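In this text the structure is predicted, and so the values were computed from the model without any measurement. Order of the sequence lines sets the chain letters (A, B, ...), proteins ahead of strands, with each chain counted from 1.
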Amino acid sequence: MTVRVRIAPSPTGNLHVGTARAALFNWLFARQHEGGRFILRVEDTDRERSLPRFEQNIYDGLHALGLQWDEGPDVGGEYGPYRQSERSHLYTQWAEALLATGKAYYSYETDDELEAMREKAKLAGQPFAYRKPSPQILAAQAAEPNRPKSLRFEIPQPYGPVVLDDAVRGAISFDSALLGDFVILKSDGGPTYNFANVVDDSLMAITHVIRGEDHVSNTPRQILLYQAFAQLGSVDGTPCLVTPPVFAHASMILAPDRTKLSKRFGATAVADYIAMGYLPEAFCNFLSLLGWSPPEGQEIGSLQEYAKLFSFERMAQSPAIFETDKLNFLNKHYLKQLSPQEFADVAEPFVKDLPWTEYSAEDKIALLERVREPITLLRELPEALSYFFGPTVAIPQEITESVVNTADGKAVLMAFKVALSANAFDMSSLEAAAASIKAFIPQLAPLKAKAILWPIRAAVSGRTHGADLNAILYYLGPKRVLARVEEALAGKSSPVSVA
RNA sequence: GCCCCGUUCGUCUAGUGGCCUAGGACACCUCCCUUUCACGGAGGCGACAGGGGUUCGACUCCCCUACGGGGUACCA
């Protein structure tokens, strides 16, 4: 049997991290199996809220993460179309098959009437479950003009347990008596989620449904639908699934306050994380670790490696909180792995607006190398590089007071200035700059290296953290170094900061 | 309200009755390395939600409570 899995997002918002993780697990599972297929199906049955730009955002996000799909609206496939809005005729067909065999019936209540029924049940302390009205009532309602008409699936009797044998959570039993006859075709003729989902998964020959825990409670309805279709055997010549797909429900991803991941929490869209400068590899690695654990604690792994290791057994049952600490760590890790050229490539979108004209292409790569180590996010790059540009640099008040304007600081800078003026400080190459620094330090004994290098660093870069000092000196060049030292000594911190 | 699921260090998690004085990773703290900034290395802090059972023995099995989450829609 060929493994066929799917991700079924609805384009009512940008690609959410929860959806991305579901996509990731599905992708992993598909790639683990020879010939496994990963399908993208767009569930745009909510006409009001579904937007093309969201669909595009979902494609972009999935692509950015490297989760390529084998079948989908944009790439086609033999089970298409892959957009639910283009499959209306199928839902109608399958619904009519249910209607014709008495497994479904039309209901005519208005929203207000439905609301009243729920209210009544609530007041009576009874759980509400919609039940088929008597034939008389049904006939009377049907005769009335202007009543909405929706098709409902009738929960089969006798009522009893519906068992979901979840690949992650084990057997979960529901009582079908608690399930109301639910709508499968809305009054506008469109299918509801539960129905379209089952029809499509049947038609697309989906073998495993890997999705979030929020769908667990919906599953008994879907199982009942699968069973009904299995009884039918086929719909218009198309055979139905004999057994439902295997279900695997992943735990939820929660915000740090243990509530649902929402706008209130901050970024929830994959695109936002990419825009901050998280590497797709890091993000995928992180997402994999949320709700799944690799065997033998291999917490750093590529999509390809994890595809080999993935299993439902190692999926967690309890929710995971989305904390960025480990994501940051992973991003640093993957950033470190990159070659200078690769780093320059991924950095480009973030640093393209810097005035690079004063540096050669080679220097640009080298400069990026100089600042990459402490970087967590690529978007920190412009700030980390800022002091390499422009004639002057702004020194924050705090640093001026604590490092530059101290007795030692001034003494160091004076001595440094003298050396510079006398051309006694060679910074014509990185090596020369390093050697010059090494030779310079003893001259100011008994001051320790740190006490000497800090004021210089602060004067030329405006900060106490940054690239290697010899690199800063080399790339800035003698003229600019001297100018910045003089300016620091003059005590006026330039208001001009090049960012 | 009713139904379903869950609860191990701050966070992600390992753990399927004795291997657990509960392991790893991230974060945090300390120390070492170091001409600066970093990197790196070595340590440390830190958890089985609570209560009852079952058992010779429970993180592991059962029950109750608390808390959290999901569902209960003509949203998906």
Side-chain angles (χ1 to χ4, degrees), chain A residues 8-10 12-13 43-46 48-50 84 107 109 111 114-115 118 121-129 148-152 164 166 169 172-175 178-180 182-194 196-197 212-221 249 251-252 254 256 258-260 286 289-300 313-314 316-330 336 370-374 434 437-438 440-442 448-458 461 463-472:
Chain A
S10 50
T12 54
E43 306 217 328
D44 54 350
T45 50
D46 186 341
E48 318 270 271
R49 298 193 299 141
S50 294
Q84 290 188 329
S107 66
E109 280 79 13
D111 287 349
L114 251 15
E115 186 49 44
R118 277 189 211 99
K122 192 177 175 184
L123 287 173
Q126 297 290 317
F128 176 68
K149 182 175 149 190
S150 59
L151 191 64
R152 285 181 186 268
L164 157 62
D166 195 275
R169 329 177 87 86
I172 303 172
S173 183
F174 301 85
D175 184 356
L178 265 15
L179 262 28
F182 56 94
V183 172
I184 57 176
L185 242 39
K186 309 180 213 174
S187 53
D188 67 1
T192 55
Y193 158 77
N194 278 310
N197 214 261
E213 190 192 342
D214 45 340
H215 293 287
V216 169
S217 298
N218 276 317
T219 312
R221 279 175 254 275
H249 289 98
S251 59
M252 302 295 289
L254 267 27
R258 295 197 157 268
T259 62
K260 210 158 45 165
F286 177 65
L289 265 19
L290 249 33
W292 176 73
S293 62
E296 282 152 48
Q298 286 180 50
E299 297 199 334
I300 292 182
E313 291 70 39
R314 299 195 68 84
Q317 311 195 25
S318 45
I321 292 174
F322 193 99
E323 285 272 16
T324 48
D325 277 347
K326 193 173 275 193
L327 173 57
N328 288 341
F329 160 77
L330 287 167
K336 238 174 276 174
R370 293 291 155 181
V371 297
R372 99 155 152 195
E373 234 163 29
I437 290 172
K438 196 166 185 173
F440 183 70
I441 291 169
K448 300 223 296 191
K450 185 166 181 167
I452 297 165
L453 269 19
W454 255 33
I456 297 178
R457 170 183 289 281
S461 75
R463 57 189 75 184
T464 54
H465 297 260
D468 265 339
L469 186 55
N470 60 325
I472 297 176

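The ring pair (Phe, Tyr, Trp, His ring centres under 6.0 Å) search around A:Phe174 returns none, not counting sequence neighbours. Remark: A:Asp468 engages no residue in a side-chain hydrogen bond (donor to acceptor under 3.5 Å, both in side chains) (not counting sequence neighbours). With sequence neighbours excluded, no residue satisfies ring pair (Phe, Tyr, Trp, His ring centres under 6.0 Å) with A:Trp454. With sequence neighbours left out, A:Asn470 forms a side-chain hydrogen bond (donor to acceptor under 3.5 Å, both in side chains) with no residue at all. A search for salt bridge (charged side-chain N to carboxylate O under 4.0 Å, His left out) contacts involving A:Glu299 returns A:Lys326, not counting sequence neighbours. Take A:Phe128 and apply the ring pair (Phe, Tyr, Trp, His ring centres under 6.0 Å) test, not counting sequence neighbours, and it matches no residue. Under the side-chain hydrogen bond (donor to acceptor under 3.5 Å, both in side chains) criterion, A:Arg118 pairs with A:Glu115, sequence neighbours left out. Residues passing the salt bridge (charged side-chain N to carboxylate O under 4.0 Å, His left out) test with A:Glu109, sequence neighbours excluded: none. Under the rule for a side-chain hydrogen bond (donor to acceptor under 3.5 Å, both in side chains), A:Arg370 has no partner lying at least two apart in sequence or in another chain.
The P atoms of B:C26 and B:C61 are separated by 30 Å, rounded to the nearest whole Å. Taking the P atoms as reference points, B:C5 lies 12 Å from B:C64, given to the whole Å. As rounded to the nearest Å, B:U72 and B:U60 have P atoms that lie 33 Å from one another. Atom C1' of B:A14 sits at a distance of 11 Å from the matching atom of B:A25, rounded to the whole Å. The separation of B:U65 from B:C3, taken at their P atoms, amounts to 12 Å, rounded to a whole angstrom. Between B:A73 and B:G24, the two C1' atoms lie 44 Å apart (nearest whole Å). The gap from the C1' atom of B:A27 to that of B:G46 amounts to 12 Å, rounded to the nearest Å. Look at the C1' atom in both B:U16 and B:A22: the space between them is 15 Å, to the nearest Å.
Side-chain contact between A:Leu164 and A:His249 is present, with heavy atoms from C-beta onward closer than 4.5 Å. The side-chain heavy atoms of A:Leu330 and A:Ile300, taken from C-beta on, include a pair separated by under 4.5 Å. Put simply, the side chain of A:Phe322 reaches to within 4.5 Å of the side chain of A:Leu290, judged on heavy atoms.
Of the listed nucleotides (B:C4, B:C26, B:U13), B:U13 has the atom at the smallest distance from the side chain of A:Ala316.
Spacing between atom CZ of A:Phe286 and atom P of B:U11 amounts to 13 Å, rounded to whole angstrom units. Atom NZ of A:Lys326 is separated from atom C1' of B:C12 by 4 Å (rounded to the nearest Å). As a whole-Å value, the separation of A:Glu313 CD from B:A14 P is 13 Å. For the pair A:Ile300 CD1 and B:C12 P, the computed distance is 18 Å after rounding to whole Å. When rounded to the nearest whole Å, the span between CD1 of A:Ile321 and P of B:U13 equals 9 Å. Atoms CZ (A:Arg169) and C1' (B:C3) sit 15 Å apart, rounded to a whole Å.
Within the 4.0 Å cut-off from OP1 or OP2 of B:G6, at least one side-chain nitrogen or oxygen of A:Gln317 is found.
A donor and an acceptor atom, one from each side chain of A:Ser50 and A:Thr12, are nowhere located under 3.5 Å apart.
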A correct 5'-to-3' footprint of nucleotides 33-39 of chain B, with B, S and - meaning base, sugar-phosphate only and no protein heavy atom under 4.0 Å, is --BBBBS
Scan nucleotides 66-76 of chain B nucleotide by nucleotide, 5' to 3', and note B when protein non-hydrogen atoms come under 4.0 Å of the base, S if they reach only the sugar-phosphate, - if neither. --SSBSSSBBB
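At the heavy-atom level, A:Ser173 lies under 4.0 Å from the strands shown only through sugar-phosphate atoms.
Near-neighbour residues of RNA chain B inside residues 291-299 of chain A, defined by a heavy atom below 4.0 Å, number-ordered: A:Gly291, A:Ser293, A:Glu299.
Mapped onto RNA chain B by nearest heavy atom, A:Leu289 and A:Asp325 fall at different nucleotides, with A:Leu289 at the one closer to the 5' end.
In this entry the base of B:C39 is syn relative to its sugar, with a glycosidic angle within 90° of 0.
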